[in-house]
Protein chains: 2
Amino acid sequence: MEKQSYTRDNMADLLREHGINPTHQRIEIAYALFGRQEHLSADQIMAVVNDRHSETSKATVYNTLNLFKQHQLIREVIVDPSKVFYDPNTSPHHHFFNLETSELIDIDADAVQIQGLPQLPEGMVTEGVDVIIRIRPGNH
Amino acid sequence: MEKQSYTRDNMADLLREHGINPTHQRIEIAYALFGRQEHLSADQIMAVVNDRHSETSKATVYNTLNLFKQHQLIREVIVDPSKVFYDPNTSPHHHFFNLETSELIDIDADAVQIQGLPQLPEGMVTEGVDVIIRIRPGNH
DNA sequence: CCATTTATTAGACAAAGTCCAATCTTTAGT
DNA sequence: ACTAAAGATTGGACTTTGTCTAATAAATGG
């Protein structure tokens with residue numbers, strides 16, 4: 001009874017659990033993200049999904065990613081000024097961002113404590129805390 | 001002897017101190033950013049600078065912002081998937097980001113401690129640490 | 001004041017993402 | 001299983017942010 005195998009069938013279940021109608025395209029997109037547990041951009045996802053024969057349009061990729069985001073199935077990572085990355089890991093965590101390769105590495109948020117943050121502005125509520133550590137190779 | 005007044009003349013000096021040739025357009029752009037001490041996007045800066053009579057082209061705005069960034073006069077803030085904000089404050093600090101208004105509020109980094117971050121990947125060096133607290137109005 | 005370097009510019013271009021109306025799928029009810 | 005209604009997908013036009021280029025303008029140092 002292995003919990004963590006990312007088959008297309010499991011993707012369908014995962015989508016249903018999140019109240020999303022599992023269509024072909026949605027299953028493929030979910031499989032692309034969860035199957036490799038990587039941070040991918042929309043165009044990378046489209047490339048993966050359309051690897052052999054084209055099956056999914058640009059509009060559907062964007063529609064689907066936004067849908068997944070709304071249903072808290074994935075998360076956006078905003079670190080690159082030119083493209084958004086999508087993260088299949090929704091548990092609280094932070095990121096190393098490799099400025100040379102645009103690669104992201106997860107940092108579990110449980111291990112990290114942040115102290116001394118000022119009070120939120122009046123009437124405001126926290127939606128999320130992102131810590132991004134921008135790294136590059138070499139000790140200059 | 002007031003240190004912190006942001007006149008156009010002071011902008012010229014500031015640019016020279018950073019090894020930047022102070023031209024008309026560069027002074028205006030610096031004045032727009034430092035004069036109001038706000039986080040502005042490229043198009044907002046262009047709007048400010050060309051308020052009355054158009055004087056500065058889009059290409060120059062982008063050229064100049066990138067030049068300022070290279071000379072560490074300003075900093076990019078990447079929080080919004082669709083546009084970069086430019087920050088005249090280069091001292092280490094973090095941000096509240098108002099998701100409703102796209103407004104940024106500085107958080108002095110001196111007050112904040114971050115503990116428990118894992119070791120950097122081998123051969124990597126930190127270029128910067130960004131903490132972004134995404135906030136929105138109302139206590140749901 | 002001239003020559004050379006340095007900046008600025010308009011407009012073409014590129015890439016990411018959105019929007020729309022037409023078409024195709026899926027679902028639910030019978 | 002059949003059909004109507006709802007939901008999903010599509011190509012392509014469009015928008016926005018940002019880059020590039022080749023031509024022009026401005027500043028600088030003799």
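- For a distance-only test at 3.5 Å, the side chain of Lys58(A) qualifies as a donor-acceptor partner of the base of dG17(C).
- For the 3.5 Å distance criterion, the side chains of Thr101(B) and Asn98(B) qualify, holding a donor opposite an acceptor.
- Tyr62(A) has no side-chain polar atom (N or O) that falls below the 4.0 Å cut-off from OP1 or OP2 of dT18(C).
- DNA chain D is contacted by both Ser41(B) and Ala59(A); Ala59(A) maps to the nucleotide lying nearer its 5′ end (nearest heavy atom per residue).
- At the heavy-atom level, Thr23(B) lies under 4.0 Å from the strands shown only through sugar-phosphate atoms.
- Atom-to-atom distance recorded for Glu55(A):CD and Met46(A):CE is 11.5 Å, nearest 0.5 angstrom.
- What separates CZ of Phe85(B) from P of dG18(D) is a distance of 10 Å, to the nearest Å.
- Spacing between atom CD1 of Ile27(B) and atom P of dA27(D) amounts to 10 Å, rounded to whole angstrom units.
- Dashed line: the shortest gap from a side-chain N or O of Gln25(B) to OP1 or OP2 of dT9(C) is under 4.0 Å.
- What separates NZ of Lys69(A) from P of dG17(C) is a distance of 10 Å, to the nearest Å.
- His39(B) and Asn89(B) share no donor-acceptor pair across their side chains, judged by distance under 3.5 Å alone.
- The phosphate of dG18(D) (OP1 or OP2) has no side-chain N or O of Asn63(B) nearer than 4.0 angstrom.
- Thr60(B) has a side-chain polar atom (N or O) that falls below the 4.0 Å cut-off from OP1 or OP2 of dT9(C).
- Ile78(B) has its CD1 atom 13 Å from the C1' atom of dG18(D), to the nearest Å.
- Atom CG of Leu40(A) and atom P of dA16(C) are 14 Å apart (whole Å).
- Defined by atom type and a distance below 3.5 Å, a donor-acceptor pair is present between the side-chain atoms of His95(B) and Asp106(B).
- Residue contacts for Asp80(A): at a heavy-atom cut-off of 4.0 Å it reaches no nucleic acid atom on any strand shown.
- Between His24(B) and Lys83(A), the residue anchored nearer the 5' end of DNA chain C, judged by the nucleotide with its closest heavy atom, is His24(B).
- Ser82(B) comes within 4.0 angstrom of sugar-phosphate atoms only, judged by non-hydrogen atoms across all strands, and of no base.
- We find the OG-CG distance between Ser41(B) and Asp80(B) to be 8.5 Å, quoted to the nearest 0.5 Å.
- Which of dG11(D), dG17(C), dT17(D) sits closest to the side chain of Asp43(B) comes down to dT17(D).
- Note: NE2 (His71(B)) to P (dT6(C)) measures 12 Å, nearest angstrom.
- One atom, CD of Gln44(B), and another, C1' of dT16(D), lie 14 Å apart when rounded to the nearest Å.
- To the nearest angstrom, P of dT9(D) lies 11 Å from CD1 of Ile20(A).
- Here Asn21(A) reaches the OP1 or OP2 of dT27(C): one of its side-chain N or O atoms lies under 4.0 Å away.
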